[in-house]
Amino acid sequence: MVMLSPSLLQLKFDPEAPFIPLKVEIKSRRGVEIATLALDTGSTYVILPWRLATALGLKFDPTKTVKTTTVSTVENSPLTFIPQVTALGKSVRDVPCLIRDLPRESGVDGLLGLSFLRHFKLKIDFKKGILGIE
Amino acid sequence: MKISEVNKKYKNQWILAEVLEQDELSQPIKVKVITRSSDRDKIYEEIARLPRGFRVTTFYTGKIPKHGYAVAFLIAIKI
């Protein structure tokens, strides 16, 4: 980990890895879970799986869903709000989150999408393998 | 235990652990393993049984993704 300034914390990552996994604090009314989410600028929302969202006590209305499309399917997914999300030293409150399971083979809990990332300037240096937000 | 020690001791397992120490980037440094399973859903179900006020982490100790896999995450949303 490299700290350049109080406003910028940077994380070293493997630029040859198939995706960038991040440790993300998901803070709910029940407690804090540090999940492994894949950085995904192609995802509109933060994505968490059903059983984790339920275990954290996130509130959602199963009748109010958002139609989501992947490369293979179209499904209806509930939308909820995470009280606080912290990644790379930065926190955002009331983050919109879709509830949807990723395949177990992915090895991650979910995705860190634009509903969190759009609050920041995202810097990714693939040559040096350094990632930071400010 | 350090994360590296957990990865070495419990290969190819999903881990639920209490966070004892973490850095400024929310990366757990030292943890206490609560439970482990090859089934990710069982880990999440265990979180639901924890008393309020927990600080835990979940992670997979195997290779992400497995050899022979690539990943393509894409969520397009129609509102």
Side-chain angles (χ1 to χ4, degrees), chain A residues 1 3 9-11 17-19 21-25 27-36 38-40 42-45 47-57 66-72 74 77 79 86-89 98 100-111 113 132, chain B residues 3 6-7 11-32 34-35 37-79:
Chain A
M1 187 270 290
M3 181 191 291
L9 291 178
Q10 293 187 331
L11 176 74
F19 61 88
L22 297 176
K23 295 298 184 183
V24 179
E25 279 195 25
K27 185 175 182 180
S28 72
R29 60 188 177 85
R30 292 202 65 239
V32 175
E33 136 82 338
I34 300 178
T36 305
L39 179 71
D40 191 358
S43 177
T44 309
Y45 292 104
I47 308 286
L48 289 183
W50 281 90
R51 282 189 171 81
L52 179 57
T54 303
L56 292 174
V66 173
K67 195 178 288 283
T68 62
T69 346
T70 68
V71 291
S72 57
V74 176
S77 304
L79 184 68
T86 301
L88 297 166
L98 274 188
R100 187 188 174 105
D101 287 345
L102 292 184
R104 287 184 172 80
E105 292 84 355
S106 67
V108 295
D109 296 295
L111 304 180
Chain B
I3 296 294
V6 176
N7 288 336
K11 292 192 189 301
N12 301 320
Q13 295 275 296
W14 283 92
I15 304 292
L16 171 63
E18 180 186 359
V19 178
L20 303 177
E21 186 180 337
Q22 67 186 75
D23 65 16
E24 298 91 333
L25 294 173
S26 301
Q27 298 188 106
I29 299 172
K30 285 186 182 175
V31 299
K32 179 182 176 183
I34 297 172
T35 191
S37 176
S38 57
D39 185 343
R40 183 178 61 185
D41 285 344
K42 288 199 168 22
I43 296 300
Y44 297 152
E45 289 166 7
E46 195 62 35
I47 293 176
R49 290 191 267 269
L50 293 174
R52 292 172 72 104
F54 57 78
R55 176 172 284 269
V56 297
T57 183
T58 55
F59 57 97
Y60 181 64
T61 60
K63 190 171 175 59
I64 306 170
K66 293 180 184 175
H67 178 69
Y69 281 85
V71 293
F73 298 122
L74 173 62
I75 302 284
I77 296 172
K78 179 181 177 182
I79 300 174

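Here is how names work: the chains are called A, B, and so on, in the same order as the sequence lines, proteins then strands, and each is numbered from 1.
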The single option from B/V56, B/L20, B/I3, B/L16 that satisfies side-chain contact (heavy atoms from CB on, under 4.5 Å) with B/V31 is B/I3
Checking heavy atoms, do the side chain of B/Q22, its backbone, both or neither come under 4.5 Å from chain A?
-> side chain
Using the side-chain contact (heavy atoms from CB on, under 4.5 Å) rule, take A/L111 and A/Y45 through it: C-alpha gap first, then chi angles, then the decisive distance, then the call.
-> CA-CA 8 Å; A/L111 304 180; A/Y45 292 104; over 6 Å; no
Any donor-acceptor pair under 3.5 Å from B/D41 side chain to B/Y44 backbone | no
Against chain A, label B/V19 side chain, backbone, both or neither, depending on which of its atoms sit under 4.5 Å from a heavy atom there.
-> side chain
Pair count under 4.5 Å, heavy atoms only, with chain A: among B/T57, B/T58, B/I43, B/I47, highest is B/T58
In terms of side-chain heavy atoms, does B/Q13 have a donor or acceptor partner in B/S37 at a distance below 3.5 Å?
-> no
